[in-house]
Protein chains: 2
Amino acid sequence: MAAPAPPTTHLAHELRETLGRVVRRLRAEPGPPIPLLSVIGLLDREGPASVSELAATQRMRPQSMAQTVKELEAAGLVSRRPDPADGRRAIVELTPAGRTTIRDSRAAREDWLSTTLDDQLDAGERAELRRALALLDRIAGA
Amino acid sequence: MAAPAPPTTHLAHELRETLGRVVRRLRAEPGPPIPLLSVIGLLDREGPASVSELAATQRMRPQSMAQTVKELEAAGLVSRRPDPADGRRAIVELTPAGRTTIRDSRAAREDWLSTTLDDQLDAGERAELRRALALLDRIAGA
DNA sequence: TATTGTTATACTCTATAACTATA
DNA sequence: TATAGTTATAGAGTATAACAATA
């Protein structure tokens with residue numbers, strides 16, 4: 001007979017611990033902080049978006065995202081233009097410098113995480129991780 | 001023929017985003033902060049440990065773990081006693097209150113994460129997540 | 001009134017630097 | 001000298017509260 005599954009409280013505990021370990025490992029790498037990379041990566045892939053939209057996709061408060069966008073703007077990586085259809089909204093988009101930053105870092109393989117995922121995991125494991133991210137997003141959305 | 005795997009840079013990007021979303025979702029829940037829960041959960045499962053040992057399992061600096069342990073001690077959830085064999089070391093262990101706290105929160109299902117993992121994922125998906133955590137720990141260890 | 005966004009402020013988490021005490 | 005631990009300090013990341021402007 002198969003071994004019984006460990007209780008879910010164990011999984012919860014291990015998830016909390018692993019999350020902490022990975023986030024700290026990521027932060028230990030030099031380069032732009034995680035939230036900044038997430039946002040410019042998102043803008044590169046999905047195109048311009050408002051602050052509220054960015055906040056929603058990251059499940060972050062709009063006030064917090066405003067800070068992040070302000071930092072990116074100060075660094076010259078994104079710019080804002082008013083939404084012609086709605087004076088309240090501002091559309092955030094990558095500047096050429098921002099696009100260069102995110103693409104160069106990928107092309108030059110300066111991205112520690114990408115490199116490590118390639119080195120430490122095989123193709124099947126990467127696919128497995130991809131599927132698990134969908135599960136984690138389901139948890140995040142609950 | 002099978003669809004080609006998306007480039008690893010996409011996986012890296014999605015991993016960063018998902019990690020952020022889950023951590024923020026977890027933090028939004030009332031109750032003890034993640035690092036505190038991790039430590040008392042670990043002590044409950046593995047038994048007493050020194051500050052350095054706790055720091056190593058969490059891949060955290062000993063100075064940072066000292067802060068966490070200080071908070072737990074102030075809250076009366078852990079206590080310290082000198083290691084009889086090595087005067088430099090202090091052994092951290094759960095107090096009865098600490099043990100009650102971690103176990104009650106589980107028994108009473110006050111633990112949002114455990115409950116959500118049970119509600120949102122089926123047994124196969126939880127097993128899949130468990131395997132993925134091992135992959136993430138490999139990344140964290142690299 | 002509701003929505004979009006911002007600024008001010010504070011708290012959590014974790015790091016580095018500098019130190020003490022014991023081995 | 002090396003190791004275990006601490007305190008002081010700083011910085012990143014994010015939240016709540018209060019506000020202005022537009023719909």
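Proteins get letters first, then strands, A, B, ... in listed order; numbering begins at 1 in each.
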Spacing of Arg27(A) atom CZ relative to dT12(C) atom P, expressed in whole Å: 15 Å
Val69(B) vs Pro32(A), nearer the 5' end of DNA chain D by closest nucleotide: Val69(B)
Rounded distance (Å) that lies between atom C1' of dG11(D) and atom CG of Leu36(A): 14 Å
Whole-Å gap separating P (dT3(C)) and CZ (Arg89(A)): 14 Å
Phosphate OP1/OP2 of dG5(D) contacted by Ser50(B) side-chain N/O (<4.0 Å): yes
Touch class at under 4.0 angstrom, heavy-atom based, for Asp83(B) against every strand present: nothing
dA15(C) base / Ser64(B) side chain donor-acceptor hit below 3.5 Å: yes
Residue pair Val51(A) / Met65(A): nearest heavy atoms and the distance that separates them: O-CG, 3.7 Å
5' priority, DNA chain C, between Arg59(B) and Ile91(A) [closest heavy atom]: Ile91(A)
Integer-rounded Å distance: dA15(D) C1' and Gln67(A) CD: 10 Å
Spacing of Gln63(B) atom CD relative to dT3(D) atom C1', expressed in whole Å: 13 Å
Listed nucleotide nearest any side-chain atom of Met60(A), set dT14(D), dT16(C), dG13(D): dT14(D)
Residue whose nearest DNA chain D nucleotide is more 5′ - Gly87(A) or Thr68(A): Thr68(A)
Nucleotide of dT6(C), dG13(D), dT6(D) approaching Arg80(A) most closely (side-chain heavy atoms): dT6(C)
Minimum heavy-atom distance Pro48(B)-Ile91(B), with the two atoms named: CB-CG2, 3.5 Å
Val92(B) to Leu43(B) - nearest heavy-atom pair and separation: O-CD2, 3.7 Å
Below 4.0 Å: OP1/OP2 of dC13(C) and any side-chain N or O of Arg24(A): no
Given dA23(D), dT14(C), dC13(C), the nucleotide with the shortest approach to the side chain of Arg88(A): dA23(D)
Between dG5(D) (C1') and Glu53(B) (CD): distance, integer Å: 13 Å
Sugar-phosphate, base or nothing in reach of Ala90(B), heavy atoms under 4.0 Å: sugar-phosphate
Closest heavy-atom pair and its distance - Ser38(B), Gln58(B): CB-OE1, 3.9 Å
Nearest listed nucleotide, side chain of Pro35(A), among dT22(C), dG5(C), dT14(D): dT14(D)
Ser52(A) side-chain N/O to dG5(C) phosphate OP1/OP2 under 4.0 Å: yes
Considering all heavy atoms, the nearest Arg130(A)-Pro6(B) contact: NH2-O, 3.3 Å
Nearest-angstrom distance from the residue atom CZ of Arg61(B) to C1' of dA17(C): 13 Å
Atom-to-atom span, NZ of Lys70(B) to P of dA4(D) - whole angstrom: 20 Å
Ser114(A) to Thr8(B) - nearest heavy-atom pair and separation: O-CG2, 3.6 Å
